[in-house]
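Note that these values count all heavy atoms, side chains included, but never hydrogens, waters or copies made by symmetry.
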Amino acid sequence: MDNRAEVREFLISRRAHVAPEQVGLPTGSNRRVKGLRRSEVATLAGLSVEYYTRLERGAISGASPQVLESIARALNLDDAERAHLFDLAHAASPVARPPRRRSSKSYVPHQSLQWALDAVTAGPAFVRNGRMDLLAVNPLARAFYKDCYDMPGQAPNIARFTFLDPRAYEFYPDWDAFAEVTVSILRTEAGRDPHNKELHDLIGELSTRSEEFRTRWGAHNVRHHGTGFKTFNHPVVGEMTLAFEGLEMAAEPGLTLTIYAAEPGSPSAERLQLLASWAASEYGIQPASEKTRTEG
């Protein structure tokens with residue numbers, strides 16, 4: 001990834017999103033740019049126009065936290081956008097160490113992690129990385145994401161499934177919302193880890209093969225995605241609305257543990273139980289703890 005280009009395009013895109021009246025400036029009739037001018041951002045941030053122009057052109061290395069905070073305030077950045085700006089500045093630093101990331105191809109979950117996932121029996125639980133590879137799953141998550149595992153010649157990857165598999169349009173009733181979230185997660189990871197070859201290759205593949213991805217990628221949107229509700233249309237058991245919680249793993253930087261759960265007693269909970277029964281008959285899947293007892 002070209003860090004300078006990422007900084008430039010992100011700041012320009014955020015500047016375009018701020019209407020002058022939002023920050024107390026006159027709209028005027030002779031504006032040639034969408035949103036704020038560079039000079040207006042510089043004034044709002046308390047910076048010289050020359051210095052802000054250099055920053056917006058990508059020369060962000062060495063910018064102090066105070067400068068970054070002032071730019072974030074001037075551009076009305078939300079928490080996710082502010083964090084992304086700081087990530088881009090950190091990645092541009094000549095002394096910054098690349099984040100410790102394991103290759104998805106060589107990653108093997110600790111036995112204790114698999115035990116913990118298998119202990120979650122009421123809903124799908126899985127571990128993914130920033131490029132949205134499914135690295136470890138419990139039995140329900142394997143059945144839940146069955147179509148991700150069925151893509152020929154590919155390791156299970158949620159982003160690739162979302163944009164390159166037609167079945168995704170059925171699986172996600174609100175496909176546009178899922179597509180936006182997927183791109184935002186990848187964009188956030190690209191800011192944190194711009195030299196990750198596997199991530200770069202995935203983004204290149206999706207940009208080449210999917211116009212939908214390419215358009216969304218160019219918007220430079222980021223967001224925090226840790227909790228909420230989602231609706232799915234599973235090909236075996238039908239529609240389910242599930243709550244989700246995403247937890248950053250302290251022992252494995254860059255990995256996220258996600259758990260889906262249905263409201264107790266709801267139709268979605270009943271369908272998760274049906275999915276568990278289907279998984280047992282279709283795959284012969286059972287938790288590792290059960291395997292240990294039967295094999296012992």
Ring centers of F126, F144 separated by less than 6.0 Å:
no
In sequence, state the C-alpha distance, the side-chain angles, and the governing distance for D176 and R216, and then conclude on side-chain contact (heavy atoms from CB on, under 4.5 Å).
CA-CA 10 Å; D176 285 320; R216 287 172 170 80; 2.9 Å; yes
Sorted by chain and number, sequence neighbours left out, side chain to side chain donor-acceptor pair (under 3.5 Å) with E239 holds for none
Test item: H110 and E252 side chains (from C-beta on) under 4.5 Å apart, heavy atoms:
yes
Mind checking the CZ-CZ spacing from F178 to F232? Nearest 0.5 Å is all I need.
4.0 Å
Nearest 0.5 Å, what's the OG1-CD1 distance between T208 and I203?
11.5 Å
Which distance, rounded to the nearest 0.5 Å, do you find between the OG of S266 and the CZ of R271?
9.0 Å
Within the 4.5 Å heavy-atom criterion, are L75 and L44 side-chain neighbours or not?
no
Assess the residue pair E50 and R54 against the criterion (salt bridge (Lys or Arg N to Asp or Glu O under 4.0 Å)); give the C-alpha distance rounded to whole Å, side-chain angles, the decisive distance to 0.1 Å, and a yes or no.
CA-CA 6 Å; E50 293 77 12; R54 289 201 302 273; over 6 Å; no
Among side-chain atoms of T231 and T241, is any donor-acceptor pair under 3.5 angstrom?
yes
Nearest 0.5 Å, what's the CG-CD distance between D118 and Q111?
10.5 Å
Would you say that V137 contacts Y149 through its side chain, given a criterion of any heavy-atom pair below 4.5 Å between the two side chains?
yes
Please name the pair of heavy atoms, one in V41 and one in A74, separated by the smallest distance, quoted to 0.1 Å.
O-CB, 4.0 Å
Hey, are the side chains of W175 and T162 touching, using non-hydrogen atoms and a 4.5 Å cut-off?
yes
If you group Ile, Leu, Val, Met, Phe, Trp and Tyr by side-chain heavy-atom gaps below 4.5 Å, do Y51 and V49 land in one group?
no
Could you see if L206 belongs to whatever hydrophobic cluster contains V222? Use Ile, Leu, Val, Met, Phe, Trp, Tyr and a side-chain cutoff under 4.5 Å.
no
E211 atom CD: more than 12 heavy-atom contacts under 6.0 Å
no
Flag this pair as yes if the NZ/CZ of K230 is under 6.0 angstrom from the six-membered ring centre of F244 and inside a 45 degree cone about the axis; otherwise no.
yes
Taking all atoms of both residues into account, what is the closest heavy-atom pair of A83 and H224, and its distance?
CB-NE2, 4.2 Å
When rounded to the nearest 0.5 angstrom, what distance separates CG in L275 from CH2 in W278?
7.0 Å
Nearest heavy-atom neighbours spanning P173 and N233
CD-N, 3.8 Å
Close side-chain approach of V237 and M240, heavy atoms under 4.5 Å:
yes
Taking atom types as modelled and ignoring hydrogens, do the side chains of D133 and N157 form a donor-acceptor contact shorter than 3.5 angstrom?
yes
What about L140 and I158, same hydrophobic cluster or not, with Ile/Leu/Val/Met/Phe/Trp/Tyr joined at side-chain heavy-atom distances under 4.5 Å?
yes
Heavy-atom donor-acceptor pair, R131 side chain to E198 backbone, under 3.5 Å:
yes
Please lay out, stage by stage, how D150 and R167 fare under the test side-chain contact (heavy atoms from CB on, under 4.5 Å).
CA-CA 11 Å; D150 290 341; R167 294 173 295 181; 3.8 Å; yes
Taking the ring centre of each residue, are W217 and F163 less than 6.0 Å apart?
no
Check the pair E81, R223 against salt bridge (Lys or Arg N to Asp or Glu O under 4.0 Å), reporting the backbone distance first and the verdict last.
CA-CA 7 Å; E81 292 168 330; R223 70 175 69 184; over 6 Å; no
Going hydrophobic residue to hydrophobic residue with side-chain gaps under 4.5 angstrom, can you get from V7 over to L186?
no
For residues E6 and H220, determine if any side-chain heavy atom of one lies less than 4.5 Å from a side-chain heavy atom of the other.
yes
Measure across A91 and G191 and return the closest heavy-atom pair with its distance rounded to 0.1 Å.
CB-O, 4.0 Å
Contact between R187 and H84 at the side-chain level, heavy atoms closer than 4.5 Å - yes or no?
yes
Looking at S13 and F10, would you say the former's side chain and the latter's main chain have a donor-acceptor pair under 3.5 Å?
yes
Checking R8 side chain against G58 main chain: does a donor-acceptor pair fall under 3.5 Å?
no
Are the side chain of S70 and the backbone of V67 linked by a donor-acceptor contact shorter than 3.5 Å?
yes
Is it true that a side-chain atom of Q154 and a backbone atom of M151 form a donor plus acceptor pair closer than 3.5 Å?
no
Partner of V127 under side-chain contact (heavy atoms from CB on, under 4.5 Å), chosen from T256, L247, L134, L255
L255
Given the rule in the side chain to side chain donor-acceptor pair (under 3.5 Å) test, do N221 and R14 qualify, once you have shown the distances and angles that lead to the verdict?
CA-CA 9 Å; N221 292 329; R14 296 313 94 180; 3.0 Å; yes
Could you check whether atom CG of D201 has more than 12 heavy atoms from other residues, nucleotides or ligands sitting under 6.0 Å from it?
yes
Below 4.5 Å, heavy atoms only, C-beta onward: do F86 and P65 meet side chain to side chain?
yes
Verify the ring-centre separation between H234 and Y145: is it less than 6.0 angstrom?
no
I'd like to check the side chain to side chain donor-acceptor pair (under 3.5 Å) partners of R82; sequence neighbours left out, ordered by chain and number.
E69
Looking only at heavy atoms, the pair that brings L85 and L11 closest together is CD1-CD2, 4.0 Å
Please round to the nearest 0.5 Å and tell me the distance separating atom OG1 of T121 and atom CG of N138.
8.5 Å
Are I71 and I12 connected in a single hydrophobic cluster, I mean Ile/Leu/Val/Met/Phe/Trp/Tyr linked by side-chain heavy atoms less than 4.5 Å apart?
no
Side chain to side chain donor-acceptor pair (under 3.5 Å) filter on R38, not counting sequence neighbours, yields E56
Nearest atoms (heavy-atom pairs only) where P26 meets P20:
O-CB, 3.7 Å
Output, in order, the C-alpha distance, side-chain angles, deciding distance and verdict of side-chain contact (heavy atoms from CB on, under 4.5 Å) for L135 and R128.
CA-CA 5 Å; L135 300 178; R128 65 161 178 83; 5.8 Å; no
Quick one: do L113 and M249 satisfy side-chain contact (heavy atoms from CB on, under 4.5 Å)? Show the steps, please.
CA-CA 11 Å; L113 172 60; M249 296 179 61; 4.0 Å; yes
Is E205 salt-bridged to R160, going by a charged N under 4.0 Å from an acidic O?
yes
